[in-house]
Amino acid sequence: QVQLVESGGGLVQGGGSLRLSCAASESTRMMYAMDWFRQAPGKEREFVAGISWSGGRTYYADSVRGRFTISRDNAKNTVYLQMNSPQPEDTAVYFCAAELGIVVHTTPEAMNYWGKGTLVTVSS
């Protein structure tokens, strides 16, 4: 059982920057691709970014590509989401997820483990 704990959420002004972290309870390097999803009030959970188990491949939703960056530090069992130039429409609860295997999927159903989420609020 892998436990994931997100941190770094809060209030940020539009155009600023924020970095989210996701700490895993055990090593995920050899087994898991890692993803970030988000869910805004009244909306479905959506894929934001994913990174392969090796860190060599990254994937982004069109809405965040060029502004957000996903990375991982396997020595620290931690995944990051650097959010640059966030906009009010990026306001949501952000969830970290882990999926078994080396392939990055973009659907919530493919994830094996979830964190409880961290709220990001972007002011205009």
Heavy atoms of other groups near Gln3 CD, more than 12 under 6.0 Å: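 No, because the 6.0 Å sphere around CD of Gln3 holds 12 heavy atoms or fewer from other groups.
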Any pair counted as disulfide (SG to SG under 2.5 Å), so long as it reaches [range], sequence neighbours left out:
| range | answer |
| --- | --- |
| residues 53-83 | none |
| residues 36-111 | Cys22-Cys96 |
| residues 58-90 | none |

Residues which pass side-chain contact (heavy atoms from CB on, under 4.5 Å) with [X], listed by chain and number, not counting sequence neighbours:
| X | value |
| --- | --- |
| Pro88 | Val122, Ser124 |
| Ala40 | Lys43, Ala92 |
| Gln82 | Ser17, Arg19, Thr69, Asn84 |

Between [X] and [Y], is there a shared hydrophobic cluster once you connect ILVMFWY residues whose side-chain heavy atoms come closer than 4.5 Å?
| X | Y | result |
| --- | --- | --- |
| Val64 | Val93 | no |
| Val48 | Val79 | yes |
| Ile51 | Leu20 | yes |

Report, one line per pair, each donor and acceptor closer than 3.5 Å where one atom sits in a side chain of residues 101-117; sequence neighbours left out.
residue, atom, partner, partner atom, Å
His105, ND1, Glu99, OE1, 2.7
Asn112, OD1, Leu100, N, 2.7

Between the side chain of Thr78 and the main-chain N/O of Lys76, is any donor-acceptor distance below 3.5 Å?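 Checked: pair present.
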Euclidean distance, [Y] [atom2] relative to [X] [atom1], rounded to 0.5 Å:
| X | Y | atom1 | atom2 | value |
| --- | --- | --- | --- | --- |
| Leu4 | Asp35 | CG | CG | 10.5 Å |
| Asn77 | Ser25 | CG | OG | 8.5 Å |
| Trp36 | Thr118 | CH2 | OG1 | 7.5 Å |

Which residue pairs pass the ring pair (Phe, Tyr, Trp, His ring centres under 6.0 Å) test when at least one of the two sits in residues 58-89, sequence neighbours left out?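 For residues 58-89, and leaving out neighbouring residues, there are no ring pair (Phe, Tyr, Trp, His ring centres under 6.0 Å) pairs at all.
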Gln13: side-chain hydrogen bond (donor to acceptor under 3.5 Å, both in side chains) partners, not counting sequence neighbours: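 Per chain and number, Gln13 pairs via side-chain hydrogen bond (donor to acceptor under 3.5 Å, both in side chains) with no residue.
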Apply side-chain contact (heavy atoms from CB on, under 4.5 Å) to the pair Tyr32 and Trp53, showing each step before the final yes or no. CA-CA 5 Å; Tyr32 300 97; Trp53 68 276; 6.0 Å; no
Is there a side-chain contact (heavy atoms from CB on, under 4.5 Å) between Thr121 and Val12 once you walk through the steps? CA-CA 6 Å; Thr121 303; Val12 60; over 6 Å; no
Quick test of your reading: applying salt bridge (charged side-chain N to carboxylate O under 4.0 Å, His left out), list the pairs with at least one residue in residues 45-54, sequence neighbours left out, ordered by first then second residue.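 Pairs touching residues 45-54 that pass the test: Arg38-Glu46.
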Which heavy atom of Met34 sits nearest a heavy atom of Ile70, and at what distance?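 What the structure gives for the nearest pair is O-CD1, 3.9 Å.
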Closest approach of Tyr94 to Met83 (non-hydrogen atoms, all atoms of both residues):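 Answer, listing the atom of Tyr94 first, then Met83: OH-CE, 3.7 Å.
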Which residues satisfy the salt bridge (charged side-chain N to carboxylate O under 4.0 Å, His left out) test with Arg65, sequence neighbours excluded?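 Counting only residues at least two positions away or on another chain, Arg65 forms a salt bridge (charged side-chain N to carboxylate O under 4.0 Å, His left out) with Asp62.
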Who passes salt bridge (charged side-chain N to carboxylate O under 4.0 Å, His left out) against Glu89, sequence neighbours left out?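 Applying salt bridge (charged side-chain N to carboxylate O under 4.0 Å, His left out) to Glu89 gives none.
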Identify the residue among Leu11, Thr91, Leu18 that makes a side-chain contact (heavy atoms from CB on, under 4.5 Å) with Val120.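 It is Leu18, the one option of Leu11, Thr91, Leu18 that forms the side-chain contact (heavy atoms from CB on, under 4.5 Å) with Val120.
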Are the aromatic rings of Phe95 and Phe37 close, with centres under 6.0 Å apart?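 So the answer is no for these two rings.
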